[in-house]
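Presented below is the structure to which this report refers.
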Amino acid sequence: MTDSGRLTAAPSATKALNEMTISLLSQPVNLGLARVAVAAFFSQLDLVLSELEEIKVAVSEAVSNAILHGYGRQPDRWIEVSAAVYPDWLEIAVEDRGYGFSGDDQAAGGDGEEEGGMGFALMRSFMDEVVLVSAPGQGTRVVMRKKVRGAVAPGKPIAGNC
Amino acid sequence: MTDSGRLTAAPSATKALNEMTISLLSQPVNLGLARVAVAAFFSQLDLVLSELEEIKVAVSEAVSNAILHGYGRQPDRWIEVSAAVYPDWLEIAVEDRGYGFSGDDQAAGGDGEEEGGMGFALMRSFMDEVVLVSAPGQGTRVVMRKKVRGAVAPGKPIAGNC
Amino acid sequence: MILQLEDKGRSLVARLNGEIDLQVADALRTALDRAMGEKGTRNLVLNLSSVSLIDSSGLGVILGRYRRLLQNGGRVGLVGPGPTVKRVLELSGLLRIMREYASEGEALAGLEPGDGNGGRGDDR
Amino acid sequence: MILQLEDKGRSLVARLNGEIDLQVADALRTALDRAMGEKGTRNLVLNLSSVSLIDSSGLGVILGRYRRLLQNGGRVGLVGPGPTVKRVLELSGLLRIMREYASEGEALAGLEPGDGNGGRGDDR
Ligand SMILES: Nc1ncnc2c1ncn2[C@@H]1O[C@H](COP(=O)(O)OP(=O)(O)O)[C@@H](O)[C@H]1O
Ligand SMILES: Nc1ncnc2c1ncn2[C@@H]1O[C@H](COP(=O)(O)OP(=O)(O)O)[C@@H](O)[C@H]1O
């Protein structure tokens with residue numbers, strides 16, 4: 001977790017140009033809110049539509065995991081989704097205070113009837129780096145980072161539809 | 001502030017059916033984010049478009065006040081916008097830890113070249129109750145409540161465009 | 001916000017777009033004032049049909065331009081606000097001092113009757 | 001999510017809409033299974049052209065229906081995914097086991113060749 005050159009799940013040393021955090025209850029109805037808020041936040045950048053769509057899928061996976069695995073579908077727990085803009089990249093963190101898991105669980109991958117550990121595979125495909133910090137009984141924090149072409153110049157208004 | 005039958009700025013005694021909080025930096029670029037997040041959150045209710053638009057204006061006014069008056073345009077301070085669904089009403093709270101103001105300032109209304117205390121007038125027109133708690137040097141919390149026709153049955157997915 | 005400007009004789013037509021709030025108010029004010037200054041605009045027609053939201057920061061910009069033009073006997077006409085934008089204009093009292101027109105054409109005709117008589121014709 | 005179902009002989013056409021995630025997965029699964037059970041569906045055509053997002057919960061529903069139908073020799077055809085939905089289908093390997101068709105018509109013809117020969121015709 002502290003290899004140089006690798007993203008740590010701790011806040012970046014570089015100062016964010018803009019950041020936000022949204023706290024939501026662990027209910028599937030709030031998945032759309034998490035996606036919309038993150039996409040709206042990043043609409044200040046000049047992302048292309050497919051990038052925004054990929055970010056939404058990654059957010060969906062991480063928040064679904066918090067609901068399903070972190071909290072075992074308990075509906076009254078809090079999930080924190082934060083997003084930040086840095087000069088050359090963007091960052092999303094999803095955190096729960098739930099069950100957590102050990103490396104073994106993760107290696108084991110999915111356990112559902114119909115799923116097979118696709119969540120992290122999609123997060124890794126759509127973001128440039130995914131770092132996971134989890135401890136059984138303490139919760140899970142997933143930090144995802146995506147490089148943004150060229151320097152980012154925030155200032156575009158955040159649009160009403162995203 | 002504690003008259004019975006009046007909204008207090010303290011959390012309601014009734015348990016919210018769903019709630020969320022978004023923390024954002026005191027920058028005008030984040031106004032759209034505040035509006036979109038609140039509108040996305042309430043898209044789980046069966047509001048008509050004009051109600052959502054009115055809610056967005058009220059949020060815009062309260063967050064603009066926090067940026068302009070609460071923090072005097074300092075761009076690196078936090079504003080918390082929370083939203084909650086109750087059986088018969090919805091609630092939005094906007095809070096800053098800025099300058100705050102006394103009753104006199106409020107009575108004085110606007111001070112800008114071109115404005116005239118329109119903010120609270122619009123919040124009051126578009127919401128059913130607006131309660132203000134502010135103390136000089138400590139910050140301001142505005143709680144806005146809107147009745148929702150009939151009982152609210154959350155569960156509609158939060159849509160991607162709002 | 002995207003702003004489109006069109007010069008029509010002594011009137012300036014400005015077509016506003018999107019959400020007119022604190023985030024865009026400064027840029028909008030500057031752009032309108034520059035265009036009005038360059039062109040010696042007498043009357044301003046604001047086409048609001050593509051405005052999805054306006055708040056008091058946006059109202060402030062309109063009111064400021066209104067006051068500027070009024071000093072030279074000019075006026076501001078509003079075109080095409082959607083229902084909620086119109087409610088905001090009404091509640092703020094702007095529709096008591098500025099008139100709404102059904103189209104840009106009617107606004108231009110109403111603000112500048114006789115096309116060049118100095119704009120002193122009334123449009124009550 | 002809005003789901004529209006149309007029965008086409010031994011195939012069921014399901015037109016999905018919106019964001020297919022954990023929030024709608026249960027309802028989608030139930031609706032598809034009920035319709036497939038009632039109609040004795042052999043093949044399923046999923047029209048994804050109005051799907052704006054699919055995540056692994058949505059993939060799970062598709063994969064589950066695929067496995068169910070496979071037991072009786074049936075298959076699933078996919079129609080019209082947008083670029084990002086298609087990427088998700090590719091990355092998950094679903095497009096290695098299910099075929100994409102250019103239209104509902106082609107999917108129906110491909111899955112049920114000869115219209116009633118038992119669906120054992122190939123569509124490689
Ligand atoms: N927030 C979390 N809390 C606890 N365990 C988690 C969390 N996120 C992921 N996991 C574990 O990692 C595994 C792999 O996750 P993922 O790749 O998303 O696939 P899936 O959700 O389909 O199992 C999960 O099955 C679970 O054991
Ligand atoms: N968050 C806040 N922090 C400090 N003062 C505030 C805040 N919100 C409102 N005020 C005070 O209340 C006054 C009236 O606000 P408002 O009705 O929105 O009109 P305007 O913003 O145009 O002045 C402001 O001028 C300011 O003095």
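Closest of all the heavy-atom pairs between A:Leu31 and D:Gln23 is CD1-N, 4.0 Å. Residue A:Val57 comes nearest to D:Ile54 through the heavy atom pair CG2-O, 3.9 Å, listed as atom of the first residue, atom of the second, then distance.
Below 4.5 Å, heavy atoms of chain A meet heavy atoms from D:Thr84, D:Arg87, D:Val88, all part of residues 81-89 of chain D.
Of the listed residues (D:Leu22, D:Asp55, D:Ile20), just one forms a side-chain contact (heavy atoms from CB on, under 4.5 Å) with A:Ser60, and that residue is D:Asp55.
Atom CZ of A:Arg77 has more than 12 heavy atoms from other residues, nucleotides or ligands within 6.0 Å.
Here CZ of A:Arg124 is found 13.0 Å from CG of D:Leu91. Values are rounded to the nearest 0.5 Å.
Contacts between A:Leu49 and chain D at a heavy-atom distance below 4.5 Å are absent for every atom of the residue.
Formation of a donor-acceptor pair under 3.5 Å by the A:Glu61 side chain with backbone atoms of D:Ser56 is found in this model.
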From CA spacing to verdict: salt bridge (charged side-chain N to carboxylate O under 4.0 Å, His left out), A:Arg35, D:Asp21: CA-CA 11 Å; A:Arg35 289 192 297 257; D:Asp21 64 4; 2.8 Å; yes
